[in-house]
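First the structure, in the form of structure tokens, and then the observations on it.
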Amino acid sequence: MKMHFVERFTQPGEKISLYRNGAFVDFCRGPHVPSTSRVKAFKVLSLAGAYWLGDEKNPQLQRLYGTAFFNKKEMDEHFARLEEAARRDHRVLGKQLDLFSIQEIAGAGLIFWHPKGGIIRKIMEDWMREECIRRGYDLVFTPHVMRHELWKISGHAGYYAQNMYTPMELDDADYQLKPMNCPGHILIYKNTPKSYRDLPVRLAELGNVYRYERSGTMHGLLRVRGFTQDDAHIFCTPEQIEDEVVACIDFAEAVLKTFGFAEFKVELSTWDPKDRKNYAGSDDKWSLAIDSLEHALQRKGIPFRTISGEAAFYGPKIDIKLVDALGRLWQLSTVQFDFNLPARFDLEYVGEDGERHQPVMVHRALFGSVERFFGVLIEHYAGAFPLWLAPMQVGLVPISEKHIDYAKTVQSQLQIAGLRVELDDRNEKMNAKIRDLTMQKIPYLLVMGDKEAAANAVSVRTRGKGDEGSIPLEEFIAKAKKLVEEKSTYL
RNA sequence: GCUGAUGUAGCUCAGUGGUAGAGCACUCCCUUGGUAAGGGAGAGGUCAUGGGUUCAAGCCCCAUCAUCAGCUCCA
């Protein structure tokens, strides 16, 4: 193995390096620790296969993973972080909190949203749809299966075929599940002639797409075979691009802020002009698009990293990576140019000059995938959702059977106020009810006995704070409604 | 897809060739309790699926499916 590198790096004029630890001499770019005595804390982590030179066509080697630190404290902190991440694992929390499941009998990578996950999804989707309408998008719905002919025109049947479910034959035609929503939106755009006065046309859809993922690649909600994109396509004139991109970034910021993510990083992926032949679209279009994206980011005053050669073949893009509660990065939102599809579908609009022009198309997804966003959300909050998102917002704990009637009147008043309530009327001691509901991470538990029933009050136990004493029911309702209204992350 | 591991009750897991187990959850009974687990009884299993070896398989062998840790690829 080392001979491969010796041969590769020992061309005339090339500098090579050798490292020595005691009797062990290694041919390596380095650096190595000067002495193994510097390594005060280390641990073997795992054993796994890895492809020779990272290419799956090459044979696999056994790779032994380990980690080392200058002292025990640093190592302990590292493992504490890993444990914290494991404790927040959305797959584990999804089971404990009964949010979603994946069923072997139904197939890998296909998500079942249970009632408690479903209500969160409904809140996410309602918010997204209303926000789209407020921001000038039109909502559309497109079919889940469409004829193979369409995917040939869009080019997916060619360059995306490995990721698509195979066609199903029906009458005289082959139909295929959609891996993307773009062609559907394009057909709606094309259905009527467009004037420059109609632009920009912004079509949005929470579209279910299906992609074949290789068997070893699925991971909970984060990598699946069927998912929902909060997808939109904006058809506009070249002059409108910059404003549209700024609006998309504003929108993305609003999404992240609303769902509790304070931090994010932005990357601008551009082409590599030296590799010209690998990109569709004219030079003019590329430089206009890259300039627009850059100007938009500068106008927003957002710091970003430009990565050349990372663009899709059909256009440059902005990727927004959010930073979660543990400092991990997640790629979700994306704003992409597409020079390919407007040409393939021969899109046009009539300009001020009375001539036909080709519109520019921007593709954007903010949650990215509703499933993945939900997975990240679960881990970010460790399952302790803010009040407006919590599937069960209030848990009711009658102290004894005598207080169940009062608890029912409290329940109906909370429900009338629009709150999601769980009444624990089991034949259990109060302590057991508090424990069980606490483990469900319910934001508020209301304990009620003789004193509360007499005063039309509730004893409030707030998640993470404990017993906060009795207050009038009306007061609690007003407070809870306000926090929901504000989408507060505090209780 | 590849390498390695795993798959037993709703959940978490024990069981290493000879009658399938525990805790929690569930049902019923007793208990009516003031801020994180009261007590008792009961019910619950094609031991992932399909083959094979054996007098006998949850356990050994093969294949398939799924999951996990990685690799590779992505929203």
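Within every chain, numbering begins at 1; the chains are lettered A, B, ... in the order of the sequence lines, protein sequences first and strands thereafter. Scope of the values below: all heavy atoms of this structure, side chains included, with no hydrogens, waters or symmetry mates. Everything numeric in this text was worked out from a predicted model, so none of it was measured.
Rounded to an integer number of Å, the gap from NE2 of H219(A) to P of A66(B) is 17 Å.
Using a cut-off of 4.0 Å between Lys/Arg side-chain N and Asp/Glu carboxylate O, K122(A) and E125(A) are scored as not salt-bridged. Remark: E379(A) does not engage R88(A) in a salt bridge, criterion side-chain N to carboxylate O under 4.0 Å. At a threshold of 4.0 Å, the pair D319(A)-K317(A) counts as salt-bridged, since one of the basic side-chain nitrogens sits closer than that to a carboxylate oxygen. For the pair R461(A) and E468(A), the salt-bridge criterion is not met [side-chain N within less than 4.0 Å of a carboxylate O].
Counting non-hydrogen atoms under 4.0 angstrom, N431(A) reaches the backbone sugars and phosphates but no base. Contact annotation for H403(A): no contact, since no heavy-atom pair falls under 4.0 Å across all strands. Within the nucleic acid shown, A432(A) comes within 4.0 Å of sugar-phosphate atoms alone, with no base atom in reach, counting heavy atoms only. E371(A) comes within 4.0 angstrom of nothing in the nucleic acid, heavy atoms only. Contacts of Q103(A) with the nucleic acid, taken as non-hydrogen atoms under 4.0 Å apart, are absent. Contact annotation for N163(A): no contact, since no heavy-atom pair falls under 4.0 Å across all strands. At a threshold of 4.0 angstrom between heavy atoms, the contacts of V397(A) with the nucleic acid are absent.
Applying the side chain to side chain donor-acceptor pair (under 3.5 Å) test to D338(A) and every residue at least two apart in sequence or in another chain returns nothing. In this structure, the salt bridge (Lys or Arg N to Asp or Glu O under 4.0 Å) partners of E253(A), at least two apart in sequence or on a different chain, are K300(A). Partners of R364(A) under the salt bridge (Lys or Arg N to Asp or Glu O under 4.0 Å) rule, at least two apart in sequence or in another chain, are D230(A). Remark: R211(A) engages Y160(A), P179(A), M180(A), V209(A), E213(A), F227(A), Q229(A) in a side-chain contact (heavy atoms from CB on, under 4.5 Å) (not counting sequence neighbours).
In this structure, A69(B) and U3(B) make a Watson-Crick or G-U wobble pair, each of the two defining distances being under 3.5 angstrom. Pairing for A41(B) is with U27(B), a Watson-Crick or G-U wobble pair whose two hydrogen-bonding atom distances lie under 3.5 Å. The nucleotide U12(B) finds its pairing partner in A22(B), both defining distances of the Watson-Crick or G-U wobble pair being shorter than 3.5 Å. The pairing partner recorded for G33(B) is none, the criterion being a Watson-Crick or G-U wobble arrangement whose two distances lie under 3.5 angstrom. Base pairing annotation: G50(B) forms a Watson-Crick or G-U wobble pair with C62(B), both donor-acceptor distances under 3.5 Å.
Donor-acceptor pairing under 3.5 Å, judged by distance alone, is absent between the side chain of Q162(A) and the base of G1(B). Side-chain to base pairing of R461(A) with A36(B): one donor and one acceptor N or O lie within less than 3.5 Å of each other. Not a single donor-acceptor pair, N or O on each side, falls under 3.5 Å between the base of C73(B) and the side chain of R211(A).
Nucleotides G1(B) and G44(B) have their C1' atoms positioned 40 Å apart, rounded to a whole Å. To the nearest whole angstrom, the two C1' atoms, one in G50(B) and one in A14(B), are 27 Å apart.
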Using nucleotides 6-13 of chain B, report all nitrogen or oxygen pairs with the protein that are shorter than 3.5 Å.
| from | atom 1 | to | atom 2 | distance (Å) |
| --- | --- | --- | --- | --- |
| U12(B) | OP1 | K95(A) | NZ | 3.4 |

Can you name the atoms? Protein N/O to nucleotides 30-32 of chain B N/O, anything below 3.5 Å, with the distance.
| from | atom 1 | to | atom 2 | distance (Å) |
| --- | --- | --- | --- | --- |
| C30(B) | N4 | N427(A) | ND2 | 2.9 |
| U31(B) | N3 | N427(A) | OD1 | 3.1 |
| U31(B) | N3 | N427(A) | ND2 | 3.3 |
| U31(B) | O4 | N427(A) | OD1 | 3.0 |
| U31(B) | O4 | N427(A) | ND2 | 2.3 |
| U32(B) | O2 | S400(A) | OG | 3.3 |
| U32(B) | O2 | E401(A) | N | 2.8 |
| U32(B) | O4 | E401(A) | OE1 | 3.1 |
| U32(B) | O4 | E401(A) | OE2 | 2.9 |

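Candidate nucleotides C68(B), A75(B), G1(B) were compared by shortest atom distance to the side chain of R91(A), and C68(B) ranks first. The side chain of E428(A) sits closest to G38(B) out of G38(B), A69(B), A75(B). Which of G34(B), C74(B), A36(B) sits closest to the side chain of R435(A) comes down to A36(B). Closest to the side chain of S369(A), from the set A36(B), A75(B), G1(B), is A75(B). You'll find that the side chain of R223(A) is closest to C73(B), out of C73(B), G1(B), A75(B).
At distances below 3.5 Å, not a single donor-acceptor pair connects side-chain atoms of E310(A) with backbone N or O atoms of I307(A). A distance-only check finds no donor-acceptor pair linking the side chain of R202(A) to the backbone of A232(A) [under 3.5 Å]. Put simply, the side chain of H403(A) gets close to the backbone of S400(A): a donor and an acceptor are under 3.5 Å apart.
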